[in-house]
There are 2 protein chains.
Amino acid sequence: MSVKRIETRKMGSDLAAMDRPGEGPGVQIPTVDRILSAAARLFAARGMAGVGLREITAEAGVNLAAVNYYFGSKEKLLEALFLRRAQPITAERMRLLACCAEGPGRPPMLEQLLEAFLRPAFSLGLEAGVDGATFGRLRARLSVESEELYRRIVAQAFNPSTRAFLDAIDAALPELPRAEVEWRFHFMLGTMIYTMAGSGRIQSITEGQCRPGEVDMALAKLVPFLCAGFRAPVTG
Amino acid sequence: MSVKRIETRKMGSDLAAMDRPGEGPGVQIPTVDRILSAAARLFAARGMAGVGLREITAEAGVNLAAVNYYFGSKEKLLEALFLRRAQPITAERMRLLACCAEGPGRPPMLEQLLEAFLRPAFSLGLEAGVDGATFGRLRARLSVESEELYRRIVAQAFNPSTRAFLDAIDAALPELPRAEVEWRFHFMLGTMIYTMAGSGRIQSITEGQCRPGEVDMALAKLVPFLCAGFRAPVTG
DNA sequence: GTCCGTATAAAACACTCGTTTGATCAAGGC
DNA sequence: GCCTTGATCAAACGAGTGTTTTATACGGAC
(Lines give C-alpha, C1' and ligand atoms only; values in the text may rest on other atoms or scores of the structure.)
Protein backbone atom coordinates (compact mmCIF):
# COMPACT_ATOMS: atom_id res chain seq x y z
CA MET A 1 0.00 0.00 0.00
CA SER A 2 2.89 2.33 0.67
CA VAL A 3 3.53 4.95 -1.95
CA LYS A 4 6.80 4.68 -3.85
CA ARG A 5 9.23 6.73 -1.82
CA ILE A 6 11.59 7.46 -4.67
CA GLU A 7 10.07 7.74 -8.11
CA THR A 8 13.04 6.38 -10.06
CA ARG A 9 16.24 8.21 -10.80
CA LYS A 10 16.34 9.78 -14.22
CA MET A 11 18.47 7.43 -16.32
CA GLY A 12 22.12 7.33 -17.05
CA SER A 13 23.50 9.05 -20.10
CA ASP A 14 23.33 12.50 -18.53
CA LEU A 15 24.94 11.22 -15.38
CA ALA A 16 27.62 9.57 -17.45
CA ALA A 17 29.01 13.00 -18.22
CA MET A 18 30.14 13.07 -14.60
CA ASP A 19 33.23 10.98 -15.15
CA ARG A 20 35.76 13.06 -17.02
CA PRO A 21 37.84 10.87 -19.34
CA GLY A 22 41.55 10.66 -18.70
CA GLU A 23 41.64 11.24 -14.98
CA GLY A 24 43.22 7.87 -14.29
CA PRO A 25 43.13 4.21 -15.21
CA GLY A 26 40.00 3.50 -13.16
CA VAL A 27 37.40 5.22 -15.35
CA GLN A 28 34.50 3.69 -13.34
CA ILE A 29 31.61 2.90 -15.62
CA PRO A 30 28.39 4.23 -14.04
CA THR A 31 26.06 1.83 -12.32
CA VAL A 32 23.24 2.38 -14.81
CA ASP A 33 25.39 1.43 -17.78
CA ARG A 34 26.79 -1.62 -16.05
CA ILE A 35 23.28 -2.85 -15.36
CA LEU A 36 22.25 -2.24 -18.96
CA SER A 37 25.21 -4.18 -20.32
CA ALA A 38 24.75 -7.14 -18.05
CA ALA A 39 21.01 -7.21 -18.59
CA ALA A 40 21.41 -7.10 -22.37
CA ARG A 41 23.77 -10.07 -22.31
CA LEU A 42 21.64 -12.16 -19.99
CA PHE A 43 18.24 -11.28 -21.41
CA ALA A 44 19.49 -12.09 -24.89
CA ALA A 45 20.93 -15.40 -23.78
CA ARG A 46 18.12 -16.71 -21.61
CA GLY A 47 15.07 -14.49 -21.97
CA MET A 48 13.36 -12.12 -19.62
CA ALA A 49 11.73 -14.74 -17.45
CA GLY A 50 14.87 -16.85 -17.47
CA VAL A 51 17.16 -14.42 -15.65
CA GLY A 52 16.78 -13.02 -12.17
CA LEU A 53 17.72 -9.59 -10.94
CA ARG A 54 20.22 -11.16 -8.59
CA GLU A 55 22.16 -12.62 -11.47
CA ILE A 56 22.05 -9.38 -13.43
CA THR A 57 23.21 -7.24 -10.54
CA ALA A 58 25.90 -9.74 -9.61
CA GLU A 59 27.29 -9.77 -13.15
CA ALA A 60 27.13 -5.98 -13.23
CA GLY A 61 28.86 -5.78 -9.87
CA VAL A 62 26.17 -3.62 -8.28
CA ASN A 63 23.71 -4.04 -5.47
CA LEU A 64 20.46 -5.90 -5.99
CA ALA A 65 18.34 -2.88 -5.16
CA ALA A 66 19.99 -0.76 -7.83
CA VAL A 67 17.69 -2.01 -10.58
CA ASN A 68 14.55 -0.89 -8.80
CA TYR A 69 16.28 2.29 -7.69
CA TYR A 70 17.25 3.36 -11.19
CA PHE A 71 14.62 1.76 -13.39
CA GLY A 72 11.64 1.12 -11.15
CA SER A 73 11.11 -2.50 -12.08
CA LYS A 74 12.47 -5.39 -14.10
CA GLU A 75 10.08 -4.66 -16.95
CA LYS A 76 11.06 -1.03 -17.10
CA LEU A 77 14.69 -2.09 -17.21
CA LEU A 78 13.98 -4.17 -20.29
CA GLU A 79 12.11 -1.32 -21.91
CA ALA A 80 14.86 1.21 -21.23
CA LEU A 81 17.47 -1.22 -22.46
CA PHE A 82 15.64 -2.00 -25.66
CA LEU A 83 14.84 1.60 -26.55
CA ARG A 84 18.39 2.69 -25.87
CA ARG A 85 19.89 0.05 -28.15
CA ALA A 86 17.32 0.46 -30.87
CA GLN A 87 17.78 4.19 -31.20
CA PRO A 88 21.15 4.14 -33.03
CA ILE A 89 19.80 1.54 -35.42
CA THR A 90 16.77 3.55 -36.43
CA ALA A 91 18.81 6.75 -36.62
CA GLU A 92 21.34 5.16 -38.96
CA ARG A 93 18.54 3.68 -41.01
CA MET A 94 16.93 7.03 -41.57
CA ARG A 95 20.28 8.55 -42.44
CA LEU A 96 20.95 5.87 -45.05
CA LEU A 97 17.42 6.14 -46.38
CA ALA A 98 18.00 9.82 -47.12
CA CYS A 99 21.10 8.85 -49.11
CA CYS A 100 19.20 6.46 -51.37
CA ALA A 101 18.75 7.86 -54.84
CA GLU A 102 18.52 6.66 -58.39
CA GLY A 103 21.31 7.59 -60.71
CA PRO A 104 23.78 6.29 -63.25
CA GLY A 105 26.44 4.01 -61.83
CA ARG A 106 24.36 3.26 -58.73
CA PRO A 107 22.61 0.02 -57.83
CA PRO A 108 18.86 -0.15 -58.44
CA MET A 109 16.73 1.66 -55.90
CA LEU A 110 15.37 -1.53 -54.31
CA GLU A 111 18.85 -2.86 -53.62
CA GLN A 112 19.83 0.43 -52.01
CA LEU A 113 16.74 0.47 -49.83
CA LEU A 114 17.14 -3.06 -48.54
CA GLU A 115 20.81 -2.52 -47.83
CA ALA A 116 19.98 0.68 -45.95
CA PHE A 117 17.32 -1.11 -43.96
CA LEU A 118 19.30 -4.21 -43.10
CA ARG A 119 22.85 -3.06 -42.55
CA PRO A 120 22.28 -1.00 -39.39
CA ALA A 121 20.33 -3.83 -37.81
CA PHE A 122 23.22 -6.20 -38.39
CA SER A 123 26.14 -3.96 -37.58
CA LEU A 124 24.84 -1.71 -34.81
CA GLY A 125 23.23 -2.44 -31.50
CA LEU A 126 26.44 -3.30 -29.81
CA GLU A 127 27.73 -1.36 -26.86
CA ALA A 128 30.75 -1.44 -24.59
CA GLY A 129 31.42 -5.03 -23.58
CA VAL A 130 28.64 -6.52 -25.64
CA ASP A 131 29.17 -8.31 -28.90
CA GLY A 132 27.00 -7.41 -31.84
CA ALA A 133 24.92 -10.53 -31.90
CA THR A 134 23.56 -9.83 -28.43
CA PHE A 135 20.99 -7.24 -29.33
CA GLY A 136 19.98 -9.17 -32.41
CA ARG A 137 19.07 -12.14 -30.27
CA LEU A 138 17.19 -9.99 -27.82
CA ARG A 139 15.28 -8.45 -30.69
CA ALA A 140 14.42 -11.85 -32.06
CA ARG A 141 13.16 -12.89 -28.67
CA LEU A 142 10.86 -9.93 -28.29
CA SER A 143 9.67 -10.28 -31.88
CA VAL A 144 8.43 -13.76 -31.20
CA GLU A 145 6.76 -12.81 -27.95
CA SER A 146 3.00 -12.63 -27.84
CA GLU A 147 2.49 -10.60 -24.67
CA GLU A 148 1.26 -7.12 -25.25
CA LEU A 149 4.05 -5.45 -23.28
CA TYR A 150 6.81 -6.86 -25.44
CA ARG A 151 5.04 -6.15 -28.68
CA ARG A 152 4.48 -2.59 -27.59
CA ILE A 153 8.18 -2.15 -26.84
CA VAL A 154 9.24 -3.42 -30.25
CA ALA A 155 6.61 -1.40 -32.06
CA GLN A 156 7.48 1.75 -30.16
CA ALA A 157 11.15 1.39 -31.00
CA PHE A 158 11.00 0.36 -34.62
CA ASN A 159 7.65 1.18 -36.18
CA PRO A 160 8.40 4.73 -37.39
CA SER A 161 11.57 3.89 -39.28
CA THR A 162 10.10 0.64 -40.52
CA ARG A 163 7.06 2.38 -41.90
CA ALA A 164 9.27 4.86 -43.72
CA PHE A 165 11.03 2.00 -45.49
CA LEU A 166 7.79 0.26 -46.25
CA ASP A 167 6.61 3.39 -48.02
CA ALA A 168 9.89 3.84 -49.86
CA ILE A 169 9.91 0.24 -51.07
CA ASP A 170 6.30 0.57 -52.13
CA ALA A 171 7.25 3.61 -54.18
CA ALA A 172 10.17 1.75 -55.73
CA LEU A 173 7.87 -1.06 -56.87
CA PRO A 174 5.01 0.85 -58.50
CA GLU A 175 3.63 -2.16 -60.35
CA LEU A 176 3.15 -4.12 -57.09
CA PRO A 177 -0.06 -3.76 -55.07
CA ARG A 178 0.45 -2.28 -51.64
CA ALA A 179 -0.85 -5.39 -49.89
CA GLU A 180 1.68 -7.51 -51.73
CA VAL A 181 4.48 -5.17 -50.70
CA GLU A 182 3.40 -5.49 -47.09
CA TRP A 183 3.44 -9.28 -47.21
CA ARG A 184 6.90 -9.33 -48.73
CA PHE A 185 8.13 -6.79 -46.25
CA HIS A 186 6.88 -9.08 -43.52
CA PHE A 187 8.83 -11.93 -45.07
CA MET A 188 11.94 -9.75 -45.11
CA LEU A 189 11.52 -9.06 -41.40
CA GLY A 190 11.42 -12.81 -40.86
CA THR A 191 14.68 -13.49 -42.64
CA MET A 192 16.34 -10.54 -40.95
CA ILE A 193 15.29 -11.46 -37.44
CA TYR A 194 15.94 -15.15 -37.86
CA THR A 195 19.40 -14.48 -39.24
CA MET A 196 20.16 -11.99 -36.47
CA ALA A 197 19.03 -14.50 -33.89
CA GLY A 198 21.85 -16.74 -35.01
CA SER A 199 19.78 -19.81 -34.31
CA GLY A 200 22.55 -22.05 -35.46
CA ARG A 201 20.03 -24.28 -37.10
CA ILE A 202 21.55 -24.01 -40.56
CA GLN A 203 24.88 -24.99 -39.05
CA SER A 204 23.26 -27.99 -37.48
CA ILE A 205 21.64 -28.98 -40.77
CA THR A 206 24.67 -28.48 -42.95
CA GLU A 207 27.09 -29.64 -40.28
CA GLY A 208 28.76 -26.27 -40.01
CA GLN A 209 29.25 -25.37 -43.65
CA CYS A 210 27.16 -22.20 -43.64
CA ARG A 211 27.87 -19.61 -40.97
CA PRO A 212 25.58 -16.62 -40.92
CA GLY A 213 27.23 -14.11 -38.64
CA GLU A 214 29.67 -12.03 -40.55
CA VAL A 215 27.76 -8.92 -41.47
CA ASP A 216 29.01 -8.36 -45.00
CA MET A 217 28.67 -11.97 -46.01
CA ALA A 218 25.14 -12.18 -44.68
CA LEU A 219 24.12 -8.97 -46.42
CA ALA A 220 25.67 -10.06 -49.70
CA LYS A 221 23.56 -13.21 -49.59
CA LEU A 222 20.44 -11.65 -48.17
CA VAL A 223 19.95 -8.59 -50.38
CA PRO A 224 19.87 -10.37 -53.78
CA PHE A 225 17.60 -13.05 -52.38
CA LEU A 226 15.13 -10.54 -50.99
CA CYS A 227 15.24 -8.26 -54.02
CA ALA A 228 14.35 -11.17 -56.28
CA GLY A 229 11.51 -12.02 -53.94
CA PHE A 230 10.20 -8.47 -53.96
CA ARG A 231 10.32 -8.41 -57.74
CA ALA A 232 8.50 -11.70 -58.18
CA PRO A 233 5.44 -11.35 -60.40
CA VAL A 234 2.14 -11.28 -58.55
CA THR A 235 0.17 -14.49 -58.82
CA GLY A 236 -3.50 -13.97 -59.15
CA MET B 1 20.80 -38.03 -2.70
CA SER B 2 17.94 -40.50 -2.90
CA VAL B 3 17.66 -42.46 -6.11
CA LYS B 4 14.58 -41.81 -8.21
CA ARG B 5 12.04 -44.25 -6.93
CA ILE B 6 9.90 -44.32 -10.02
CA GLU B 7 11.64 -43.94 -13.34
CA THR B 8 8.83 -42.16 -15.18
CA ARG B 9 5.70 -43.73 -16.57
CA LYS B 10 5.91 -44.66 -20.19
CA MET B 11 3.99 -41.90 -21.95
CA GLY B 12 0.41 -41.59 -22.99
CA SER B 13 -0.59 -42.71 -26.45
CA ASP B 14 -0.53 -46.38 -25.55
CA LEU B 15 -2.43 -45.77 -22.35
CA ALA B 16 -4.96 -43.72 -24.29
CA ALA B 17 -6.24 -46.92 -25.82
CA MET B 18 -7.67 -47.74 -22.40
CA ASP B 19 -10.73 -45.55 -22.77
CA ARG B 20 -13.07 -47.20 -25.22
CA PRO B 21 -14.89 -44.61 -27.31
CA GLY B 22 -18.65 -44.46 -27.04
CA GLU B 23 -19.10 -45.70 -23.52
CA GLY B 24 -20.79 -42.49 -22.41
CA PRO B 25 -20.66 -38.72 -22.64
CA GLY B 26 -17.74 -38.45 -20.20
CA VAL B 27 -14.92 -39.74 -22.41
CA GLN B 28 -12.28 -38.69 -19.87
CA ILE B 29 -9.17 -37.45 -21.61
CA PRO B 30 -6.13 -39.11 -20.04
CA THR B 31 -3.98 -37.12 -17.65
CA VAL B 32 -0.95 -37.20 -19.88
CA ASP B 33 -2.79 -35.65 -22.82
CA ARG B 34 -4.38 -32.99 -20.67
CA ILE B 35 -0.97 -31.97 -19.41
CA LEU B 36 0.43 -31.86 -22.93
CA SER B 37 -2.42 -29.66 -24.16
CA ALA B 38 -2.20 -27.20 -21.32
CA ALA B 39 1.58 -27.07 -21.47
CA ALA B 40 1.55 -26.42 -25.21
CA ARG B 41 -0.81 -23.50 -24.81
CA LEU B 42 1.05 -21.94 -21.92
CA PHE B 43 4.59 -22.56 -23.15
CA ALA B 44 3.69 -21.07 -26.51
CA ALA B 45 2.11 -18.02 -24.92
CA ARG B 46 4.68 -17.19 -22.28
CA GLY B 47 7.77 -19.31 -22.76
CA MET B 48 9.25 -22.16 -20.76
CA ALA B 49 10.62 -20.04 -17.96
CA GLY B 50 7.48 -17.93 -17.87
CA VAL B 51 5.06 -20.64 -16.78
CA GLY B 52 5.09 -22.72 -13.63
CA LEU B 53 4.08 -26.30 -13.22
CA ARG B 54 1.32 -25.22 -10.86
CA GLU B 55 -0.31 -23.18 -13.58
CA ILE B 56 0.02 -25.97 -16.11
CA THR B 57 -1.41 -28.62 -13.84
CA ALA B 58 -4.20 -26.31 -12.68
CA GLU B 59 -5.22 -25.57 -16.27
CA ALA B 60 -5.03 -29.27 -17.10
CA GLY B 61 -7.08 -30.10 -14.03
CA VAL B 62 -4.55 -32.57 -12.65
CA ASN B 63 -2.37 -32.80 -9.61
CA LEU B 64 0.89 -30.89 -9.43
CA ALA B 65 2.95 -34.04 -9.01
CA ALA B 66 1.57 -35.57 -12.20
CA VAL B 67 4.13 -33.81 -14.40
CA ASN B 68 7.08 -35.29 -12.56
CA TYR B 69 5.29 -38.60 -12.28
CA TYR B 70 4.68 -38.96 -16.02
CA PHE B 71 7.49 -36.97 -17.57
CA GLY B 72 10.21 -36.82 -14.96
CA SER B 73 10.82 -33.08 -15.10
CA LYS B 74 9.64 -29.84 -16.63
CA GLU B 75 12.31 -30.01 -19.31
CA LYS B 76 11.37 -33.53 -20.28
CA LEU B 77 7.77 -32.43 -20.53
CA LEU B 78 8.77 -29.80 -23.05
CA GLU B 79 10.81 -32.30 -25.00
CA ALA B 80 8.03 -34.88 -25.10
CA LEU B 81 5.53 -32.23 -26.08
CA PHE B 82 7.67 -30.87 -28.87
CA LEU B 83 8.58 -34.22 -30.36
CA ARG B 84 5.00 -35.40 -30.25
CA ARG B 85 3.71 -32.36 -32.11
CA ALA B 86 6.54 -32.26 -34.59
CA GLN B 87 6.13 -35.86 -35.67
CA PRO B 88 2.96 -35.44 -37.79
CA ILE B 89 4.53 -32.43 -39.49
CA THR B 90 7.66 -34.25 -40.55
CA ALA B 91 5.67 -37.32 -41.54
CA GLU B 92 3.38 -35.30 -43.77
CA ARG B 93 6.35 -33.48 -45.22
CA MET B 94 8.04 -36.68 -46.24
CA ARG B 95 4.81 -37.99 -47.71
CA LEU B 96 4.39 -34.86 -49.82
CA LEU B 97 8.04 -34.91 -50.82
CA ALA B 98 7.57 -38.35 -52.28
CA CYS B 99 4.67 -37.00 -54.36
CA CYS B 100 6.77 -34.24 -55.92
CA ALA B 101 7.57 -34.96 -59.53
CA GLU B 102 8.16 -33.11 -62.75
CA GLY B 103 5.63 -33.54 -65.47
CA PRO B 104 3.37 -31.80 -67.94
CA GLY B 105 0.58 -29.79 -66.34
CA ARG B 106 2.33 -29.66 -62.99
CA PRO B 107 3.98 -26.65 -61.33
CA PRO B 108 7.77 -26.43 -61.54
CA MET B 109 9.65 -28.69 -59.18
CA LEU B 110 10.81 -25.87 -56.90
CA GLU B 111 7.27 -24.67 -56.29
CA GLN B 112 6.17 -28.18 -55.46
CA LEU B 113 9.02 -28.67 -53.03
CA LEU B 114 8.46 -25.45 -51.13
CA GLU B 115 4.75 -26.09 -50.92
CA ALA B 116 5.41 -29.58 -49.61
CA PHE B 117 7.84 -28.24 -47.05
CA LEU B 118 5.75 -25.34 -45.81
CA ARG B 119 2.18 -26.54 -45.85
CA PRO B 120 2.44 -29.17 -43.11
CA ALA B 121 4.20 -26.72 -40.83
CA PHE B 122 1.36 -24.25 -41.23
CA SER B 123 -1.61 -26.56 -41.16
CA LEU B 124 -0.58 -29.31 -38.76
CA GLY B 125 0.66 -29.25 -35.22
CA LEU B 126 -2.70 -28.66 -33.72
CA GLU B 127 -4.26 -31.09 -31.36
CA ALA B 128 -7.50 -31.41 -29.40
CA GLY B 129 -8.27 -28.11 -27.77
CA VAL B 130 -5.33 -26.28 -29.22
CA ASP B 131 -5.53 -23.88 -32.10
CA GLY B 132 -3.09 -24.23 -34.94
CA ALA B 133 -1.02 -21.18 -34.20
CA THR B 134 0.00 -22.55 -30.82
CA PHE B 135 2.66 -24.97 -31.94
CA GLY B 136 3.94 -22.47 -34.48
CA ARG B 137 4.62 -20.00 -31.73
CA LEU B 138 6.27 -22.60 -29.58
CA ARG B 139 8.45 -23.58 -32.49
CA ALA B 140 9.42 -19.99 -33.10
CA ARG B 141 10.34 -19.63 -29.46
CA LEU B 142 12.60 -22.65 -29.44
CA SER B 143 14.14 -21.64 -32.76
CA VAL B 144 15.29 -18.35 -31.31
CA GLU B 145 16.63 -19.92 -28.15
CA SER B 146 20.37 -20.16 -27.73
CA GLU B 147 20.59 -22.75 -24.97
CA GLU B 148 21.88 -26.08 -26.08
CA LEU B 149 18.94 -28.05 -24.74
CA TYR B 150 16.36 -26.25 -26.85
CA ARG B 151 18.45 -26.32 -29.99
CA ARG B 152 18.94 -30.02 -29.54
CA ILE B 153 15.21 -30.58 -29.25
CA VAL B 154 14.47 -28.66 -32.45
CA ALA B 155 17.28 -30.33 -34.33
CA GLN B 156 16.26 -33.78 -33.16
CA ALA B 157 12.68 -33.22 -34.27
CA PHE B 158 13.18 -31.54 -37.61
CA ASN B 159 16.68 -32.08 -38.96
CA PRO B 160 16.09 -35.32 -40.87
CA SER B 161 13.11 -34.10 -42.87
CA THR B 162 14.67 -30.68 -43.31
CA ARG B 163 17.84 -32.17 -44.70
CA ALA B 164 15.85 -34.22 -47.16
CA PHE B 165 14.26 -31.07 -48.51
CA LEU B 166 17.55 -29.25 -48.61
CA ASP B 167 18.93 -31.99 -50.82
CA ALA B 168 15.85 -32.04 -53.02
CA ILE B 169 15.93 -28.28 -53.52
CA ASP B 170 19.62 -28.45 -54.26
CA ALA B 171 18.92 -31.04 -56.92
CA ALA B 172 16.16 -28.89 -58.39
CA LEU B 173 18.55 -25.94 -58.75
CA PRO B 174 21.57 -27.53 -60.40
CA GLU B 175 23.10 -24.24 -61.49
CA LEU B 176 23.22 -22.93 -57.90
CA PRO B 177 26.22 -23.71 -55.66
CA ARG B 178 25.36 -25.81 -52.65
CA ALA B 179 26.44 -23.08 -50.22
CA GLU B 180 24.09 -20.64 -51.86
CA VAL B 181 21.23 -23.09 -51.58
CA GLU B 182 21.94 -23.45 -47.90
CA TRP B 183 21.88 -19.72 -47.29
CA ARG B 184 18.60 -19.36 -49.09
CA PHE B 185 17.16 -22.32 -47.29
CA HIS B 186 18.10 -20.61 -44.06
CA PHE B 187 16.27 -17.50 -45.22
CA MET B 188 13.23 -19.58 -45.99
CA LEU B 189 13.27 -20.98 -42.47
CA GLY B 190 13.27 -17.41 -41.20
CA THR B 191 10.19 -16.37 -43.14
CA MET B 192 8.41 -19.56 -42.21
CA ILE B 193 9.10 -19.35 -38.51
CA TYR B 194 8.45 -15.64 -38.28
CA THR B 195 5.16 -16.01 -40.09
CA MET B 196 4.16 -18.97 -37.95
CA ALA B 197 4.98 -17.01 -34.83
CA GLY B 198 2.27 -14.57 -35.79
CA SER B 199 4.21 -11.72 -34.28
CA GLY B 200 1.56 -9.27 -35.26
CA ARG B 201 4.22 -6.80 -36.20
CA ILE B 202 3.06 -6.41 -39.76
CA GLN B 203 -0.41 -5.70 -38.45
CA SER B 204 1.01 -3.05 -36.18
CA ILE B 205 2.91 -1.46 -39.05
CA THR B 206 0.13 -1.53 -41.58
CA GLU B 207 -2.57 -0.87 -38.99
CA GLY B 208 -4.19 -4.22 -39.52
CA GLN B 209 -4.30 -4.42 -43.30
CA CYS B 210 -2.18 -7.53 -43.68
CA ARG B 211 -3.13 -10.58 -41.64
CA PRO B 212 -0.85 -13.57 -41.94
CA GLY B 213 -2.70 -16.42 -40.35
CA GLU B 214 -4.93 -18.07 -42.86
CA VAL B 215 -2.88 -20.95 -44.17
CA ASP B 216 -3.76 -20.81 -47.86
CA MET B 217 -3.37 -17.07 -48.12
CA ALA B 218 0.02 -17.14 -46.41
CA LEU B 219 1.24 -19.99 -48.62
CA ALA B 220 0.00 -18.27 -51.79
CA LYS B 221 2.06 -15.22 -50.88
CA LEU B 222 5.05 -17.07 -49.48
CA VAL B 223 5.79 -19.66 -52.17
CA PRO B 224 6.19 -17.26 -55.13
CA PHE B 225 8.29 -14.91 -53.02
CA LEU B 226 10.63 -17.66 -51.91
CA CYS B 227 10.84 -19.31 -55.30
CA ALA B 228 11.93 -16.05 -56.86
CA GLY B 229 14.52 -15.67 -54.13
CA PHE B 230 15.84 -19.17 -54.70
CA ARG B 231 16.09 -18.51 -58.42
CA ALA B 232 17.94 -15.21 -58.05
CA PRO B 233 21.24 -15.19 -59.99
CA VAL B 234 24.33 -15.63 -57.87
CA THR B 235 26.27 -12.44 -57.31
CA GLY B 236 29.92 -12.44 -56.75
C1' DG C 1 -9.96 -61.95 2.01
C1' DT C 2 -4.76 -60.26 0.94
C1' DC C 3 -1.31 -58.57 -2.17
C1' DC C 4 0.45 -55.63 -5.82
C1' DG C 5 1.27 -52.25 -9.21
C1' DT C 6 -0.67 -48.00 -10.83
C1' DA C 7 -2.62 -43.47 -10.19
C1' DT C 8 -3.91 -39.42 -7.74
C1' DA C 9 -3.63 -36.30 -3.67
C1' DA C 10 -1.72 -33.22 -0.17
C1' DA C 11 2.05 -31.59 2.11
C1' DA C 12 6.61 -30.43 2.71
C1' DC C 13 11.44 -29.34 0.92
C1' DA C 14 14.84 -26.12 -0.12
C1' DC C 15 15.28 -22.43 -2.93
C1' DT C 16 14.61 -18.33 -5.91
C1' DC C 17 11.75 -14.51 -7.29
C1' DG C 18 10.86 -9.07 -7.59
C1' DT C 19 10.33 -5.60 -4.49
C1' DT C 20 10.65 -2.75 -0.29
C1' DT C 21 12.69 -1.15 3.90
C1' DG C 22 15.98 1.27 6.83
C1' DA C 23 20.58 2.06 7.59
C1' DT C 24 24.94 3.86 6.12
C1' DC C 25 28.28 6.55 3.59
C1' DA C 26 30.06 10.56 0.93
C1' DA C 27 29.69 15.13 -0.68
C1' DG C 28 27.96 19.99 -1.03
C1' DG C 29 25.65 24.06 0.70
C1' DC C 30 25.53 27.23 4.19
C1' DG D 1 29.59 22.62 12.89
C1' DC D 2 24.59 20.74 10.86
C1' DC D 3 21.43 19.49 7.24
C1' DT D 4 20.25 17.75 2.93
C1' DT D 5 20.64 14.87 -1.06
C1' DG D 6 21.93 11.02 -3.88
C1' DA D 7 23.84 6.54 -3.88
C1' DT D 8 24.81 2.03 -2.10
C1' DC D 9 24.08 -1.56 1.08
C1' DA D 10 22.36 -5.75 3.81
C1' DA D 11 18.28 -7.65 5.22
C1' DA D 12 13.80 -8.94 5.06
C1' DC D 13 9.09 -9.46 2.81
C1' DG D 14 5.67 -12.56 0.93
C1' DA D 15 4.87 -15.20 -2.84
C1' DG D 16 6.21 -18.63 -6.09
C1' DT D 17 9.69 -22.24 -8.00
C1' DG D 18 10.63 -27.52 -9.37
C1' DT D 19 10.86 -31.55 -7.06
C1' DT D 20 10.21 -35.19 -3.55
C1' DT D 21 7.85 -37.58 -0.16
C1' DT D 22 4.12 -39.74 2.20
C1' DA D 23 -0.36 -41.27 2.11
C1' DT D 24 -4.52 -42.80 0.09
C1' DA D 25 -7.51 -44.74 -3.26
C1' DC D 26 -8.69 -48.01 -7.20
C1' DG D 27 -8.56 -52.57 -9.60
C1' DG D 28 -7.34 -57.07 -10.93
C1' DA D 29 -4.74 -61.39 -9.77
C1' DC D 30 -4.67 -65.01 -6.74
Classify the ring geometry of A:Phe187 against A:Trp183: parallel below 30°, tilted from 30° to 60°, perpendicular beyond 60°.
tilted
If you compare every side-chain N and O of B:Asn63 against the phosphate oxygens of C:dA7 (OP1, OP2), does one of them come in below 4.0 Å?
no
Figure out the CG/C1' separation between A:Leu53 and C:dC17, and round it to whole Å.
8 Å
Is it true that the NZ or CZ of B:Arg93 lies under 6.0 Å from the centre of B:Phe117's six-membered ring and within 45 degrees of the ring axis?
yes
Between A:Glu92 and A:Arg95 (salt bridge meaning N to carboxylate O under 4.0 Å), is one present in this structure?
yes
Under 4.0 Å: is that the gap between some side-chain N or O of A:Tyr70 and OP1 or OP2 of D:dT8?
yes
Closest-nucleotide 5' rank along DNA chain C - winner of A:Ala65 and A:Gly50:
A:Gly50
Of A:Leu64 and B:Thr31, whose closest DNA chain C nucleotide lies nearer the 5' terminus?
B:Thr31
Please confirm whether any donor atom in the side chain of B:Arg54 sits under 3.5 Å from an acceptor in the base of D:dG16, or the reverse.
no
Side-chain N or O of B:Tyr69 less than 4.0 angstrom from OP1 or OP2 on C:dA9?
no
Would you call A:Phe158 and A:Phe82 a side-chain contact if the rule is heavy atoms closer than 4.5 Å?
yes
Rounded to whole Å, NZ of B:Lys74 lies from P of D:dT20 at a distance of 15 Å
Rounded to whole angstroms, how far apart are CZ on B:Phe71 and C1' on D:dT20?
18 Å
Once you round it to whole Å, what is the distance between P of C:dT16 and CD1 of A:Ile56?
16 Å
Between CG of B:Leu42 and P of D:dG16 the distance, given in whole Å, is 16 Å
How close or far is atom P of D:dT17 from atom CZ of B:Arg46, stated in whole angstroms?
10 Å
When we call it a touch if two heavy atoms are under 4.0 Å apart, what does B:Ala66 touch: a base, just sugar-phosphate, or nothing?
nothing
Tell me: CE of B:Met48 to P of D:dG18, nearest whole Å?
13 Å
Could you state the atom-to-atom distance from CD of A:Gln28 to C1' of D:dT8 in whole Å?
13 Å
Considering only side-chain heavy atoms of B:Asn68, which listed nucleotide, D:dT20, C:dT19, C:dA7, is closest?
D:dT20
For A:Glu145, is there an ion pair with B:Arg141 - N to carboxylate O distance below 4.0 angstrom?
yes
